[in-house]
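Structure record follows, encoded as structure tokens.
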There are 2 protein chains.
Amino acid sequence: MVTIKDVAREANVSVATVSRVLNGSGPVSAETQRRIREIAGRLRYVPHGGARSLITSRTEILGVLLPDLYGEFFSEVIRGLDETAQRHGFHLIISRSHASKHGIETAMRAMRGRVDGVVAMSPDLDEESLTNVPSTLPLVLLCSVSRGDALDSLTIDNCRGARAMVKHLISLGHQRVAIIKGAPRNYDAAERLRGYRLGLKDAGIKPERALELEGGFTEAGGYAAALQLLGLAERPTAIFAANDSMAIGALSALRESGVQVPGQMAVAGFDDIPLARYMDPPLSTVRVSICDLGARAVEMLLNGITSKNEHRRKREQVATEVVIRSSCGAQSVERPPPSTTNSDLH
Amino acid sequence: MVTIKDVAREANVSVATVSRVLNGSGPVSAETQRRIREIAGRLRYVPHGGARSLITSRTEILGVLLPDLYGEFFSEVIRGLDETAQRHGFHLIISRSHASKHGIETAMRAMRGRVDGVVAMSPDLDEESLTNVPSTLPLVLLCSVSRGDALDSLTIDNCRGARAMVKHLISLGHQRVAIIKGAPRNYDAAERLRGYRLGLKDAGIKPERALELEGGFTEAGGYAAALQLLGLAERPTAIFAANDSMAIGALSALRESGVQVPGQMAVAGFDDIPLARYMDPPLSTVRVSICDLGARAVEMLLNGITSKNEHRRKREQVATEVVIRSSCGAQSVERPPPSTTNSDLH
DNA sequence: TTGTATGCGTTATCAT
DNA sequence: ATGATAACGCATACAA
């Protein structure tokens, strides 16, 4: 492996001079400069990142801690993170926290000396490790919330989104709106439930526990919950699922039960995953720009890294948008056009 | 930041002893050992990865270079990579190659001194950077192929998969089977085309250029190609799309043109993305386990890292599987059950 | 069983 | 404008 010494020897200069040329620090004669660049290029010299960061104490790498999640969300958030990171000259090191008990703390230990900061997602509400993360490393919490406000955090505006969707359903004439809730101790789930209840309250409708079922954020959970709702003495006329997967499960259950959507039952979801617009009928949902979420998280983190000490902790949220398709019974504004960006493998 | 020196001072021993205890190298008295562990724990000491790798010349990090791709493939391959990497005590540093001209080479430079090896995906066929990658770093090519066989590579068994699907279509009685091809210079696209032609040849059918249209791997491309096929004087009775996105686009075109699927036109795709089973009718396709792809890539790389010199370059392929649903006109074997693993956001 | 000293590849400081 | 050298945090060969 060719080091700075090799370049220096070949050019008959000291390593200091080579370093100066390659980093543009300090004055070097034009001729020497030219010679060194030429040699470095010819030798294919590349500075050793580890060694460099040892002395600069900057790695230009950002750590990303994600829970063990599947699908579109995962890739979109990474896309957003990576794009912004690269624009600032940073790379991403990714680690799934892989359901280990210790959670974030262990993972953050493993990252020490390897990264300049961490974006961590830990949506489990009573994850205690969030309370005592050593703030030695700049950290941004994603879709999670810590007790106290010692940490930067970026979340989806779940509450407002859910509230808006419920309002929309009610404006369509629905008085009995059920919710299929997300995983019990999940932050996003809790917030969406809160938004749902506020939405009802706004319209003077009293929430009923019987209309609040749990679906665990999975398709199967949504399916089961929908079935249960159909069995109710007083059926709801609309179902708001706390994510699209559950809404899709509900759609299956309704179809198999011969219940017309939206005719006999309106359905809405949350997230706007790509599948949503392909459902039959196309699913009304609350869109959140996952990509933006990632981008803004990196921006917050970079901010925390550069300001370091005099940094004021912030809490931010990314906005959501109600997307009306046919499943809720309103006029469908959107019809599925062949997407030009969606290609799966390539 | 607490270093090994801090621990040593606190424990009244030399840094060497601390190092020995923490790495289990060399003999240390039980008592000292206990004391050091206790102190290291209390001080929350964590070895500095960069410094350590400087001397051990191992980072325990694997680099991953991916093209700018969307969706499910991206997340699945990362999942496979990460799972296997973590099982071997490695982390992943991910970089999307972001359409820069220089391609792999630049990215690999940036990784020097940061990783022990690289998994790179560069499906563009005439990417010249693939010919002269400096083999200073263990490298596994994913879904790509290099001139010569100097490099390890892992690809999807595109050809066999396409061939099997075409055979299936023909067994259903189709004599005129069209293909919607993928991006012109894409490796997977080229192989799937080859498999298609072989499949025809197996049945003694002569390939017709008029039945080989290009869809660029996008949904819109599939849509346009299907329309064009419908305009043909001698229409095909079956369409094999080189990926699911294009098949889905074709499905839209057929529906809008009032062509019954599979009655008047059979359709099949490739990849088995999650959307596939939700189509109307559910899409027959060729399944490939992306997750496995990632897992095996890491295994190959780790292999190359440990064997280093006496390492023989290998080319491997991951198998595919024909998945019969309704869109091709055979009896549908599979019906969409509510998936228990598919949850989008959480 | 433990300590001392060297070096990993780089940047930064201080000379010259 | 350039060179010598210390320092970054750690592991390890060698000495004790």
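First the proteins, then the strands, lettered A, B, ... as listed; each starts at 1.
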Between A:D82 and B:R96, is there a salt bridge with N-O shorter than 4.0 Å?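 A salt bridge is present here (some side-chain N lies under 4.0 Å from a carboxylate O).
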
Does a salt bridge link A:R42 with A:E38, judged by any charged N lying under 4.0 Å from a carboxylate O?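 Salt bridge between A:R42 and A:E38, a charged N being under 4.0 Å from a carboxylate O: yes.
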
Return the 5'-most residue of the pair B:N12, B:A51 with respect to DNA chain C, ranking by each residue's nearest nucleotide.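 Nearest-nucleotide comparison on DNA chain C picks B:N12.
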
When the nearest nucleotide of DNA chain C is assigned to A:V18 and to A:K5 on a heavy-atom basis, which residue is associated with the more 5' position?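 On the 5' side of the pair lies A:K5.
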
Report the distance from atom [atom1] of [X] to atom [atom2] of [N], rounded to the nearest whole Å.
X: B:N23; N: D:dA13; atom1: CG; atom2: C1'; answer: 15 Å
X: B:R114; N: C:dG9; atom1: CZ; atom2: P; answer: 15 Å
X: A:H48; N: C:dG7; atom1: NE2; atom2: P; answer: 18 Å
X: B:I4; N: D:dT12; atom1: CD1; atom2: P; answer: 11 Å
X: B:I55; N: C:dA5; atom1: CD1; atom2: C1'; answer: 12 Å
X: A:Q33; N: D:dA1; atom1: CD; atom2: P; answer: 10 Å
X: A:M1; N: C:dT10; atom1: CE; atom2: C1'; answer: 11 Å
X: B:L54; N: C:dG7; atom1: CG; atom2: P; answer: 14 Å

So how far is it from [X] [atom1] to [Y] [atom2], rounded to the nearest 0.5 Å?
X: B:R296; Y: B:L81; atom1: CZ; atom2: CG; answer: 13.0 Å
X: B:L154; Y: B:C143; atom1: CG; atom2: SG; answer: 7.0 Å
X: B:R114; Y: B:S53; atom1: CZ; atom2: OG; answer: 10.0 Å

Tell me what [X] touches on the nucleic acid: a base, only sugar-phosphate, or nothing, going by heavy atoms under 4.0 Å.
X: B:S19; answer: base
X: B:R112; answer: sugar-phosphate
X: A:V46; answer: sugar-phosphate
X: B:D6; answer: nothing
X: B:P27; answer: base

Residue-phosphate contact under 4.0 Å: [X] side-chain N/O, [N] OP1/OP2:
X: A:T3; N: C:dG9; value: no
X: B:R52; N: D:dC8; value: no
X: B:T32; N: C:dT2; value: yes
X: B:T56; N: D:dC10; value: no
X: B:S57; N: C:dC8; value: no
X: B:S14; N: C:dT4; value: no

The side chain of A:V15 lies closest to which of these nucleotides: C:dT11, D:dA1, D:dA11?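 So the nucleotide nearest the side chain must be C:dT11.
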
Any N or O donor-acceptor pair under 3.5 Å from the base of C:dG3 to the side chain of B:R20?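 Between C:dG3 and B:R20, which were checked side chain against base, a qualifying N/O pair under 3.5 Å is present.
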
Testing the 3.5 Å rule here: is there a donor-acceptor pair between the side chains of A:S29 and A:T32?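 Judged by distance alone, the side chains do pair up.
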
